[in-house]
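Worksheet: one structure, shown below.
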Amino acid sequence: MHALSRLAPEVRQYLLVTGNYWAFTLTDGALRMLVVLHFHSLGYTPLQIAALFLFYEIFGVVTNLVGGYLGARLGLNRTMNIGLGLQVAALLMLTVPAAWLTIPWVMGAQALSGIAKDLNKMSAKSSIKLLVPDSQQGTLYKWVAILTGSKNALKGVGFFMGGALLALLGFTGAVLAMAAVLALIWLASLLLLKKDLGKAKAKPKFRDILSKSRAINILSAARLFLFGARDVWFVVALPVYLSSVFGWDFWMVGGFLAAWVIGYGMVQSFAPAITGKASGQLPDGRAAFAWAAALAGLPAAIALGLNSDLPAQWVLLGGLMVFGALFAVNSSLHSYLIVSYAKEDGVSLDVGFYYMSNALGRLIGTLLSGWVYQAYGLEACLWVSSVFVLLAALISIGLPRHRASSPTN
């Protein structure tokens, strides 16, 4: 604590925001894996499992719009703490006796978790804009990349934790343990997080939830298709395929998806170096188009490989590694661009609108992941993914471009 007190106030707040985000992310990743694997073991179909996440994604869309407005009016510290508290409540909802775990009840708990997740994420991403001066865009890119990359690496740890806790403690024990730990972190956040962080000087009107920025609207549309492209095969289709076709158990499915997301997060953290920050290059619309275009054909190539004589496990797992690396750079670029484009006063309004599109893309991808996989198989999910990434690339052509300039650190 003494070492923490000697840091600059902005750095202390960054560490607190990041710590909150990390803790939340662990429970979010673990809960998703718990729900997918537990209900698959109970005999639920892929489409039924996807339906369990329907309210999670729908409420994520609404929360990002309304949450950005609330963050600007109430302060980001309050919206972040509300998110942590709601996640504790969502976890406790799933500790009821097994007979109560009906589809509507689980969907309700997932709805609460979806609200919590997007309040937490919007608050964390918006806070970074306020802690770094506009003149230090290189530092902003680095901090956003570290926050985003570390979050996704920990989400991977959460996937593994979910599979491991399910095997060790059972569904109820695993959820109860996570609720207890997160409740302690929530109490600490209530005490330590800076008051009025992100509160707009001018009180925004409710109609301001819709972005008036052309750049943010274009980036939001590209984000929708980019994340729909990931979730259309990753959320339901992939874990069910690994379990039912490859015969993997909970430990193997959770462990592999954890390793994938951890690697994905690590690449995100290094995205500034990969995209040329050290040589004076900061990303713009040209970079967003180029990296999306590089990703567009990969899911289709994996689908073709699965229909060939090549070993299916090598094709799928190897393809996943490459997809994860390319997708990580795309995601990190987008995360930097939205924070860079957002106006400082009421930053959460712009960031909330953008992550509304992100949540809508996840919603579309999740529903398609269950339906397309059940009706047509994993290869069809991969073809849909390629089409979505191509659309994201084409939309990105309209993003602003700038001359290369030396980033300020």
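Index from 1, following the sequence.
- Using a 4.5 Å heavy-atom threshold, the side chains of Leu316 and Leu242 count as touching.
- Considering all non-hydrogen atoms of both residues, Leu31 and Leu94 come closest at CD1-CD1, 3.5 Å.
- Two residues are said to be in side-chain contact when any heavy atoms from C-beta on lie closer than 4.5 Å; Leu84 and Asn81 meet this criterion.
- Counting only distance, with no hydrogens or angles, the side chain of Ser220 and the backbone of Ile216 share a donor-acceptor pair below 3.5 Å.
- Although no hydrogens or angles enter the test, the distance criterion places a donor-acceptor pair under 3.5 Å between the side chain of Ser386 and the main chain of Ala296.
- Each of Phe388, Phe323, Tyr241 was compared with Trp233 under the ring pair (Phe, Tyr, Trp, His ring centres under 6.0 Å) criterion, and only Phe323 meets it.
- Using a distance-only test at 3.5 Å, with no hydrogens or angles considered, no donor-acceptor pair links the side chain of Arg286 to the main chain of Ile397.
- The environment of Met266 atom CE is sparse: at most 12 non-hydrogen atoms of other residues, nucleotides or ligands sit within 6.0 angstrom.
- The backbone N or O of Arg362 sits less than 3.5 Å from a side-chain atom of Thr366, completing a donor-acceptor pair.
- The closest donor-acceptor contact from the side chain of Ser335 to the backbone of Ser331 lies under 3.5 Å.
- Under the 30°/60° scheme for interplanar angles, the aromatic rings of Phe59 and Phe55 are found to stand perpendicular.
- The minimum heavy-atom distance linking Leu326 with Ala294 is given by the pair CD1-O, 3.8 Å.
- Annotation: side-chain hydrogen bond (donor to acceptor under 3.5 Å, both in side chains) contacts involving residues 105-115, sequence neighbours excluded, comprise Gln87-Ser113.
- When side chains are defined from C-beta on, Trp248 counts as touching Gln313, because their heavy atoms get closer than 4.5 Å.
- Residues Ser369 and Ala237 come closest through the heavy atom pair OG-N, 3.0 Å.
- Of all heavy-atom pairs spanning Leu112 and Ala89, the tightest one is CD2-CB, 3.8 Å.
- Side chains of Phe256 and Leu320 form a contact here, defined as non-hydrogen atoms less than 4.5 Å apart.
- Rounded to the nearest 0.5 angstrom, Ile185 CD1 and Leu190 CG are separated by 12.0 Å.
- Thr79 places no side-chain N or O within 3.5 Å of a backbone atom of Leu119 that could act as its donor or acceptor partner.
- The environment of Trp260 atom CH2 is dense: over 12 non-hydrogen atoms of other residues, nucleotides or ligands sit within 6.0 angstrom.
- Within the 4.5 Å cutoff, no side-chain heavy atoms of Trp314 are placed close to those of Leu310.
- Within the 4.5 Å cutoff, side-chain heavy atoms of His38 are placed close to those of Leu42.
- Side-chain atoms of Asn120 and Thr25, non-hydrogen and from C-beta on, never get closer than 4.5 Å to each other.
- Of the possible donor and acceptor atoms, none in the side chain of Ser243 sits under 3.5 Å from a partner among the backbone N and O of Val240.
- With ring centers used as reference points, Phe327 lies 6.0 Å or more from Phe234.
- Leu304 has its side chain out of reach of Ser308: every pair of non-hydrogen atoms, C-beta onward, lies at least 4.5 Å apart.
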